[in-house]
Amino acid sequence: MNNFINFIKNRRSVYALNKNMPIMDDVVFGIVRDCVRFVPDAFNMRSQRVLVLVGEKHEKFWNAVYDEMAKFNGGRFSRERTDSFAAAYGTILYFFDAAIVNETRAKYPLYVESFHDWVMQSNGMLQFAIWTALENYGVGANLQHYNPVIDKMVQDMFDLPESWTLVGQMPFGGVATAPAQKPEEDINIRVKIEK
């Protein structure tokens, strides 16, 4: 239990990333596959989808993100920001499959209003599991949300089904600069215990 809590404590948003990975690609791909396989999903829907980008595909993706965001913002968007993500080793794109969710929703009409929350909870658990596992191997990561602006571009670029709904983008790589220490807090403000 102590190790697991330490992994959680060490997981941080690392923005200064580089291409000097402390582990091989196959280890990253294995982490992603295992997390997708074992992270819970309501009604065992298996609704979560992941696309891992490395090398040229990773850099092409962040160049395209810049182009889309610049169009959306009338040309006012920081190239420096997307270049910092392109400087990382790779990117994990997180999705859920709306077709699977809608199929399952139709089978359980009593819970129809709750499915979106459950799917997003599962996606959040998946992001956290992968992020924490990568941290355990010394790989830094951060989480970005350029969707929905980039949704169509991503589907076209990688020939994805329309039902794949983009949730977040996670650049990952070697840690160029460690993040600052988290500030202390009184956790009792956020946690209440009744006996």
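We count residues from 1, following the sequence as given. What you see below is based on every heavy atom in this structure, not just the backbone, and it leaves out hydrogens, waters and symmetry mates.
Grouping the Ile, Leu, Val, Met, Phe, Trp and Tyr side chains by contacts below 4.5 angstrom, directly or via other members, places Val149 with Leu160. Following chains of ILVMFWY side-chain contacts shorter than 4.5 Å, one cannot reach Leu143 starting from Leu93, and the two form parts of different hydrophobic clusters. Hydrophobic clustering (ILVMFWY, side-chain heavy atoms < 4.5 Å, transitive): Leu110 and Tyr108 are in one cluster. Both Val50 and Val54 are part of a single hydrophobic cluster, where members link through side-chain heavy atoms under 4.5 Å apart. Residues Ile193 and Ile5 are members of separate hydrophobic clusters, defined by side-chain heavy-atom contacts under 4.5 angstrom among Ile, Leu, Val, Met, Phe, Trp and Tyr.
Counting heavy atoms from C-beta outward, Val28 and Phe172 have side chains that approach closer than 4.5 Å. Side-chain contact check for Val167 versus Met120: some heavy-atom pair is nearer than 4.5 Å. Counting heavy atoms from C-beta on, the side chains of Tyr146 and Phe85 come closer than 4.5 Å. Considering only heavy atoms from C-beta on, Phe128 comes within 4.5 Å of Ile8 through its side chain. Side-chain contact between Val65 and Met153 is present, with heavy atoms from C-beta onward closer than 4.5 Å. Using a 4.5 Å cut-off on side-chain heavy atoms (C-beta onward), Met21 and Val139 make contact. Contact of the Thr82 side chain with the Met69 side chain is not registered, since no non-hydrogen atoms from C-beta on lie closer than 4.5 Å. Contact of the Tyr94 side chain with the Met170 side chain is registered, since non-hydrogen atoms from C-beta on lie closer than 4.5 Å.
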Stepwise side chain to side chain donor-acceptor pair (under 3.5 Å) test for Asn6 and Arg11: CA-CA 9 Å; Asn6 283 333; Arg11 189 228 42 88; over 6 Å; no
As a quick check of understanding, evaluate side chain to side chain donor-acceptor pair (under 3.5 Å) for Gln48 and Arg37, giving each step before the final call. CA-CA 9 Å; Gln48 302 308 311; Arg37 182 177 291 120; over 6 Å; no
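Not counting sequence neighbours, the partners of Asp97 by the salt bridge (Lys or Arg N to Asp or Glu O under 4.0 Å) test are Arg49.
Open room surrounds CD on Gln181; 12 or fewer heavy atoms of other groups in view lie less than 6.0 Å from it. Sparse packing is recorded around CZ of Phe72, with 12 or fewer heavy atoms of other residues, nucleotides or ligands lying under 6.0 Å away. Taking a 6.0 Å sphere around CZ of Arg46, one finds it holds 12 or fewer heavy atoms contributed by other residues, nucleotides or ligands.
Taking Ile, Leu, Val, Met, Phe, Trp and Tyr as hydrophobic and joining them when side-chain heavy atoms fall under 4.5 Å apart, one finds Leu17 in a cluster with Val14, Val175.
A salt bridge does not link Arg105 with Glu103: none of the charged nitrogens is closer than 4.0 Å to a carboxylate oxygen. Ionic pairing of Lys152 and Asp156 is present here: one or more N-O contacts between side-chain nitrogen and carboxylate oxygen are shorter than 4.0 angstrom. Using a 4.0 Å cut-off between charged nitrogen and carboxylate oxygen, Lys19 and Glu59 count as a salt-bridge pair.
Thr165 contributes atom OG1, which lies 10.0 Å from atom CG of Asn147 (distance to the nearest 0.5 angstrom). Considering CH2 of Trp62 and CZ of Arg81, their distance stands at 8.5 Å, rounded to 0.5 Å.
Remark: the backbone N or O of Ala180 is paired with a side-chain donor or acceptor of Arg12 at under 3.5 angstrom. Formation of a donor-acceptor pair under 3.5 Å by the His145 side chain with backbone atoms of Gln169 is not found in this model. When atom types are taken as modelled, the side chain of Ser122 and the backbone of Pro40 share a donor-acceptor pair closer than 3.5 angstrom. Here the side chain of Gln155 pairs a donor or acceptor atom with the backbone of Trp164 at under 3.5 angstrom. Checked by atom type and distance alone, the side chain of Asn142 never pairs as donor or acceptor with a backbone atom of Ser13 at under 3.5 Å.
Aromatic ring orientation, Phe61 versus Phe158: tilted (interplanar angle from 30° to 60°).
Side-chain atoms of Tyr89 and Asp25 form a donor-acceptor pair, as typed in the model, at a separation below 3.5 Å.
A ring-centre distance under 6.0 Å is found for Phe115 and Phe43.
Applying the side-chain hydrogen bond (donor to acceptor under 3.5 Å, both in side chains) test to pairs two or more places apart or on separate chains, those with a residue in residues 127-141 are Asn123-Gln127.
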